[in-house]
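Just so we're on the same page: letters track the sequence lines, and every chain starts at 1. Treat the numbers as computed from the prediction; the structure is a model and nothing was measured.
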2 protein chains.
Amino acid sequence: MEEPTPRTGRAPTSVDVARLAGVSQATVSYVLNDAPGMRITEATRAKVREAAASLGYVPHASARTLRSGRSDIVLMPLPRAGMGALAAAHLDALGEELRRLGYKVVLYGDDRGKGIGAARDWAQWRPSAILVEAGRLTRAAVRQLHDTGIPTVVALGDAPSPLVPTFVFDNEAIGARAAEHLAERGRSSIAVLMPREKGLEVYSRPRLAGVSRVAAAHGIDVQPVDLGFDEEEAGGLVARWAADPHRPDAVFAYNDDYAMLIMRALEDAGLRVPGDVAVVGADDLPLAALLRPRLTSVRVMAGPTAADVAERIDAMVRDRSRDPSIVFELVRAEIVVRESS
Amino acid sequence: MEEPTPRTGRAPTSVDVARLAGVSQATVSYVLNDAPGMRITEATRAKVREAAASLGYVPHASARTLRSGRSDIVLMPLPRAGMGALAAAHLDALGEELRRLGYKVVLYGDDRGKGIGAARDWAQWRPSAILVEAGRLTRAAVRQLHDTGIPTVVALGDAPSPLVPTFVFDNEAIGARAAEHLAERGRSSIAVLMPREKGLEVYSRPRLAGVSRVAAAHGIDVQPVDLGFDEEEAGGLVARWAADPHRPDAVFAYNDDYAMLIMRALEDAGLRVPGDVAVVGADDLPLAALLRPRLTSVRVMAGPTAADVAERIDAMVRDRSRDPSIVFELVRAEIVVRESS
DNA sequence: TTGTATGCGTTATCAA
DNA sequence: TTGATAACGCATACAA
């Protein structure tokens, strides 16, 4: 089979298509974009489409953006790691919906910097919207983005941002649910595991805050404990507890992985779960039910559907609303009680 | 504090900067890009920089791309989910290195389609390079990309692609290592768990192939077993095994999560691990060592560093080499023996 | 040492 | 119903 058209070495443009189809370049643009209000014969349309296909013509996104003034990009400069499986699935679904609405979803791999430097980096794309962790947005960064004509900036965070509309992913509530549960069970001293892996503070700090808030209301003692994901270290920690008459009688383990680590250590040290120490995890991973005793966990449920969120973003882009008082709860946390607490 | 400059409502351009600095637009470009061979006084440079800063000027990436003919984008249309934690960390590191070399890393969220449709979708960005799963590249897709002037297309896959240079992530070897180990231990019948979650076949099929290849050489029986991540279902499977005199005496569990699932089921059914049934996982997750008995797992080690890989990509972009015979081993698999086999 | 002028590929306005 | 033509914002060869 012959190649339908010669390979030029450079990407074909709409001018090439026009030449091949025997029409003007403008006509090509009309046809391929289904420009409304244009009366173009079906014969011409067919010629153009055929020419485009045979040349393998693909419009140049940069040229289109430059001319039209809109990129239709939704930029999500989010780290790939560290966010739970559930959140990742959420974002995948959200991307799917945004695509359906005609946006181009770009998960921008950046240096995880914050403030004005990061903002400049993002602004060069002239995206229609940016979704970013609240912590990376400073006042100057937001100003930069708005001044660069980016209509919509949305923060993802634990609490409403004073700067821009926020989608709240309530980590504080996760800790709070755990503490409420432990308070109900009459526990009086909660150890809160704080993973040492970098990048997780964004999640662990608000979870701790949630525990502390609820515990304070119940007169319960709270002690944060730094911990790496390491069997030795967990063993050391638990050994100290075993020898300590004032040891905590409950652990909120940040997530289910750390819960597994600490439960194993407790077991090895001869401490009973939940008899001596109750354990609560978070994320309700499949493995939670596989542990023995089965792990009590704080499950994070999707609130609005991805389609709802996408629609919301679309609306904000359309009317360029940047009202910081707009807040959207993304999830709700609820406790799944099993045998470990 | 006053705003240093009025907000125009539209993004400032290099012309705006030039006007404010009292120089020509070209000079702005020279200064901000440190154009070589230009002799511009330090005073002028300072004026330009100051004007740019006060306006919050950010170059328009699309305009720059259009004019210069190069986007410096490395497009990675990779799914966020499904790839092990290790692979994700690898890719993060690779992105970091590419950024250091001046590329803009775009993790493009697409519809996970393949072939010519996906290729057109990617080509609109005119990236300098594309990294994509081998399975998504058809001959037509590669032709489309090359014809659109995209110099470098690299496949990620289990085996070298006949179409483009390939970075090999050897899942086949993972299965092979597991089977070799089980053969050495004298096992005669291996069940291979095949997760039913969609998107994982890309990894599970080559792993099965690796097991099969090695097993065949040793006269060992292999039976693939479809399994969802579900305690009930695993229980049913194991119950059948318990009643079956010809049950497998070994399981390769796809990964450590499934290994945990099956180990729990085996234990509940009164089958001994590894006495009755040996279990081998993969990925060597931290939890592998936390299980009892401790889980034997196939660990995937980084071969070349991220910097090596990035440099390799950079070189390919520079000399526009598209030789499919270029193959780069990304990882090597090795077995970590513990008590479960 | 700096400014002028041109064109990248596209969309969109206006004539024809 | 279609075709010239003018921007969009920037980089760069060339002129001054």
Side-chain angles (χ1 to χ4, degrees), chain A residues 8-48 51-52 55-72 123-126 147-150, chain B residues 8-49 51-52 55-72 120 123-126 147-150:
Chain A
T8 58
R10 60 185 238 322
T13 70
S14 58
V15 173
D16 297 323
V17 175
R19 190 161 32 230
L20 182 60
V23 300
S24 80
Q25 182 273 335
T27 304
V28 171
S29 183
Y30 293 145
V31 171
L32 297 184
N33 294 317
D34 275 327
M38 291 286 117
R39 293 185 196 301
I40 298 180
T41 53
E42 202 45 57
T44 305
R45 289 177 189 278
K47 270 193 308 188
V48 169
L55 287 174
Y57 168 71
V58 176
H60 192 306
S62 291
R64 190 197 288 258
T65 292
L66 182 58
R67 169 61 230 210
S68 69
R70 12 183 330 227
S71 68
D72 288 337
Q124 67 175 329
W125 298 95
R126 302 292 194 273
D147 287 0
T148 319
I150 293 156
Chain B
T8 59
R10 60 184 239 322
T13 71
S14 59
V15 173
D16 297 324
V17 175
R19 192 162 29 230
L20 182 60
V23 300
S24 79
Q25 180 270 330
T27 303
V28 172
S29 184
Y30 292 145
V31 171
L32 297 184
N33 294 317
D34 276 326
M38 291 285 117
R39 290 180 202 302
I40 298 180
T41 54
E42 202 45 59
T44 305
R45 289 179 188 275
K47 270 193 308 187
V48 169
R49 295 221 175 84
L55 287 174
Y57 169 71
V58 177
H60 192 306
S62 291
R64 190 195 286 260
T65 291
L66 184 58
R67 169 62 229 216
S68 69
R70 16 184 328 229
S71 68
D72 288 336
R120 285 178 44 94
Q124 67 175 328
W125 298 95
R126 302 293 194 274
D147 286 0
T148 319
I150 293 156

Chemist: For Ile40(A), does its backbone N or O pair with a side-chain atom of Arg45(A) as donor and acceptor, under 3.5 Å?
Modeler: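 Checking the backbone N and O of Ile40(A) against the side chain of Arg45(A), a donor-acceptor pair under 3.5 Å is found.
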Chemist: Determine the contact category for Val23(A): base if any of its heavy atoms lies under 4.0 Å from a base atom, sugar-phosphate if only primed atoms, P, OP1 or OP2 are that close, otherwise nothing.
Modeler: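 Contact class for Val23(A): sugar-phosphate only.
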Chemist: Touch check for Thr65(A), heavy atoms < 4.0 angstrom, all strands: base, sugar-phosphate only, or nothing?
Modeler: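 Nothing, no nucleic acid heavy atom in range.
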Chemist: Expressed as a whole number of angstroms, how long is the span from Tyr57(A):OH to dG9(C):C1'?
Modeler: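 In whole Å, dG9(C) C1' lies 7 Å from Tyr57(A) OH.
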Chemist: Are OP1 or OP2 of dT1(D) and a side-chain N or O of Thr41(A) less than 4.0 angstrom apart?
Modeler: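 Negative; the distance criterion is not met.
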Chemist: With the threshold set at 4.0 Å, does a side-chain nitrogen-carboxylate oxygen contact exist between Arg10(B) and Asp16(B)?
Modeler: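 The answer is yes: the pair qualifies as a salt bridge.
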Chemist: I'd like to know if Tyr30(A) reaches the base of dT13(C) with its side chain such that a donor and an acceptor end up less than 3.5 angstrom apart.
Modeler: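 Donor-acceptor pair under 3.5 Å: yes.
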Chemist: Roughly how many Å is it from CG in Leu32(A) to P in dA12(C), rounded to a whole number?
Modeler: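 It works out to 13 Å between those atoms.
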Chemist: Nearest-Å distance, CG (Leu55(B)) to C1' (dG9(D))?
Modeler: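 It works out to 15 Å between those atoms.
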Chemist: Figure out the NE2/C1' separation between His60(B) and dA7(D), and round it to whole Å.
Modeler: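 Atom-to-atom, His60(B) to dA7(D), this comes out as 13 Å.
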Chemist: Across the strands shown, which category fits Thr13(A) at heavy-atom distances under 4.0 angstrom: base, sugar-phosphate, nothing?
Modeler: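 Sugar-phosphate: the residue Thr13(A), judged by heavy atoms under 4.0 Å, touches backbone atoms but no base.
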Chemist: Do Lys47(B) and Thr27(B) have side chains that get closer than 4.5 Å, going by heavy atoms?
Modeler: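 No, every pair of side-chain atoms sits at 4.5 Å or beyond.
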Chemist: Side-chain N or O of Arg64(A) versus OP1/OP2 of dG9(C): is the shortest distance under 4.0 Å?
Modeler: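 Looking at the OP1 and OP2 atoms of dG9(C), neither is under 4.0 Å from any side-chain N or O of Arg64(A).
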Chemist: Taking Arg126(A)'s backbone N and O only, do any of them form a donor-acceptor pair with Ser71(A)'s side chain (distance below 3.5 Å, no angle check)?
Modeler: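 Confirmed, Ser71(A) side chain pairs with Arg126(A) backbone.
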Chemist: Identify which nucleotide among dT4(C), dT11(C), dT10(C) has an atom closest to any side-chain atom of Asn33(A), counting heavy atoms from C-beta outward.
Modeler: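 It is dT11(C).
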Chemist: Rounded to whole Å, please give me the gap between CG in Leu66(B) and C1' in dG9(C).
Modeler: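 Atom CG in Leu66(B) sits about 5 Å away from atom C1' in dG9(C).
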Chemist: Checking all strands, does Ser62(A) fall into the base, sugar-phosphate, or nothing category for heavy-atom contacts under 4.0 angstrom?
Modeler: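 Contact class for Ser62(A): none.
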Chemist: Less than 3.5 Å between a donor and an acceptor, one on the side chain of Gln25(A) and one on the base of dA4(D), is that the case here?
Modeler: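 Side chain to base: no pair present.
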Chemist: Please state whether the phosphate of dT2(D), meaning OP1 or OP2, lies under 4.0 angstrom from any side-chain nitrogen or oxygen of Ser24(A).
Modeler: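 Negative; the distance criterion is not met.
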Chemist: Compare the minimum distances between each of dG9(D), dT10(C), dA4(D) and the side chain of Ala63(B), then state the nucleotide with the smallest one.
Modeler: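 Of the candidates, dG9(D) comes closest.
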Chemist: For Ile40(B), which contact category applies under a 4.0 Å heavy-atom criterion: base, sugar-phosphate, or nothing?
Modeler: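 The answer is sugar-phosphate, as Ile40(B) gets under 4.0 Å only of primed atoms, P, OP1 or OP2.
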Chemist: To the nearest Å, give me how far apart CG (Asp34(A)) and P (dT11(C)) are.
Modeler: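 After rounding, the gap between these two atoms is 12 Å.
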Chemist: Within this structure, what is the CD-to-C1' distance between Glu42(A) and dT2(D), rounded to whole angstrom?
Modeler: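 It works out to 16 Å between those atoms.
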Chemist: Check step by step if salt bridge (charged side-chain N to carboxylate O under 4.0 Å, His left out) holds for Asp34(B) and Arg49(B).
Modeler: CA-CA 11 Å; Asp34(B) 276 326; Arg49(B) 295 221 175 84; 3.8 Å; yes
Chemist: Using whole Å, report how far CZ of Arg70(A) lies from P of dG9(D).
Modeler: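 The answer, rounded to whole Å, is 16 Å.
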Chemist: Between Arg39(B) and Val58(A), which residue's closest nucleotide on DNA chain C lies nearer the 5′ terminus?
Modeler: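 Going by which nucleotide is closer to the 5' end, it is Arg39(B).
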Chemist: Does Arg67(B) get its side chain close enough to the base of dG9(D), under 3.5 Å, for a donor-acceptor pair?
Modeler: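 Result: no qualifying N/O pair found.
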Chemist: Strictly distance-based, threshold 3.5 Å: is any side-chain N or O of Arg64(B) a donor or acceptor partner for the main-chain N or O of Arg70(B)?
Modeler: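 Checked: no pair found.
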Chemist: Reckon Val15(A) touches a base, only the sugar-phosphate, or nothing at all at heavy-atom distances under 4.0 Å?
Modeler: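 It contacts nothing in the nucleic acid.
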Chemist: Please confirm whether the shortest side-chain N or O distance from Ser14(A) to OP1 or OP2 of dT10(C) is below 4.0 Å.
Modeler: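 Yes, within the criterion.
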Chemist: Return no unless some side-chain N or O of Thr44(B) is found under 4.0 Å from OP1 or OP2 of dT2(C).
Modeler: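 Thr44(B) to dT2(C) OP1/OP2: side-chain N or O found under 4.0 Å.
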